Undergrad: 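Here it is, the structure, as structure tokens.
A quick note: this is a predicted structure, and the numbers were derived from the prediction, not measured. Note on naming: letters A, B, ... go to the chains in the order of the sequence lines (proteins, then strands), and numbering restarts at 1 for each one.
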Amino acid sequence: MPSFTAQVPNLHVIGPVVEVQVAVGSVLEGVLTSNGEPIPTPITASAMIDTGATGTVIRQEMPGQLGLNPVGTAMINTPSSEGVECYEYLVRLFFQNNVVIETLAIGAPLQGQHIQCLIGRDVLAHGVLIYVGYTNTFTLSF
Amino acid sequence: MLELLEKEQAAYEEHKTELLGRAKGKFVLIKDNKVEDVFDSNMDAIRQGYERFGNVPFLVKRIQELEKPLDFTSNLLGV
């Protein structure tokens, strides 16, 4: 079972943040390859694992940087708004240790500059998250 | 309104009753004003969308009476 463990100083303050590479989905990569078009370079992002998020979110500028077009829409509820419509994009998330998850991600603004991605329960549905507060570590296995 | 998928969303609403009657719970692929096909999974529909149209906007949507919103408890989301 591929897995990785990350250590974050002050885990309880910063949260379970991990570096990921966000890339276009595998189907689009195949289509671009067969058309002889360039494959967009994956984007490095700081991602927060968020058990309070139904779905995965990428910062709204990221699809443009990856040359992605929407493949769907989703309605979202947040603490400050209800029923906001957002675009959905098919992306691959590359974690450490060759852990790769393909999922639909919502493009939306994220507050602050330190987080570019929220890893939601759609990704966690595929694996095991172990959060060890007293060692400031967390492990994600798939 | 999400402008890039405005025509597709209008087409979904126009055909929603008929789609609910024949394919409730499945996933519809819509491009422009046309309902292209219905699939058992969203990934199958997305794959077909990319293969038929390439890297352009298209709509894959679960056929259901009421769309359930995704919930986000964190205030990191700026909406």
Undergrad: Pick from A:V18, A:V17, A:V20: which one makes a side-chain contact (heavy atoms from CB on, under 4.5 Å) with A:S46?
TA: A:V17
Undergrad: Using a strict cut-off of less than 4.0 Å between a Lys/Arg side-chain nitrogen and an Asp/Glu carboxylate oxygen, indicate whether B:K24 and B:E65 qualify as a salt bridge.
TA: yes
Undergrad: Taking all non-hydrogen atoms of both residues into account, name the closest pair between B:I30 and B:A11 and its distance.
TA: CG2-CB, 3.9 Å
Undergrad: How about A:E82: does its CD atom have over 12 heavy atoms from other parts shown lying under 6.0 Å from it?
TA: no
Undergrad: Would you call B:K61-B:E8 a salt bridge at under 4.0 Å N-O?
TA: no
Undergrad: Flag the one option from A:P70, A:G55, A:A108, A:S81 with the top tally of heavy-atom pairs under 4.5 Å to chain B.
TA: A:P70
Undergrad: Flag the one option from B:L70, B:N42, B:T73 with the top tally of heavy-atom pairs under 4.5 Å to chain A.
TA: B:L70
Undergrad: Please say whether more than 12 non-hydrogen atoms of neighbouring residues, nucleotides or ligands are located less than 6.0 Å from NZ in B:K31.
TA: yes
Undergrad: Applying a criterion of heavy atom separation less than 4.5 Å, what residues of residues 23-39 of chain A form contacts with chain B?
TA: A:V27, A:L28, A:V31
Undergrad: Taking C-beta and beyond as the side chain, do A:Y89 and A:L104 meet within less than 4.5 Å on heavy atoms?
TA: no
Undergrad: Between B:V60, B:N75, B:L59, B:V79, which has the largest tally of heavy atom pairs under 4.5 Å with chain A?
TA: B:V79
Undergrad: Give the ring-plane orientation class for A:F95 versus A:F142, where under 30° counts as parallel, over 60° as perpendicular and anything between as tilted.
TA: tilted
Undergrad: Between A:P79, A:G83, A:S80, which residue shows the highest count of heavy-atom pairs closer than 4.5 Å to chain B?
TA: A:P79
Undergrad: Hey, which of A:L90, A:V84, A:T73, A:I106 has the most heavy atom pairs under 4.5 Å with chain B?
TA: A:T73
Undergrad: Can you confirm whether more than 12 heavy atoms, excluding those of B:D40, are under 6.0 Å from its CG atom?
TA: no
Undergrad: With a 4.5 angstrom heavy-atom cut-off, is it the side chain or the backbone of A:A53 that approaches chain B, or both, or neither?
TA: both
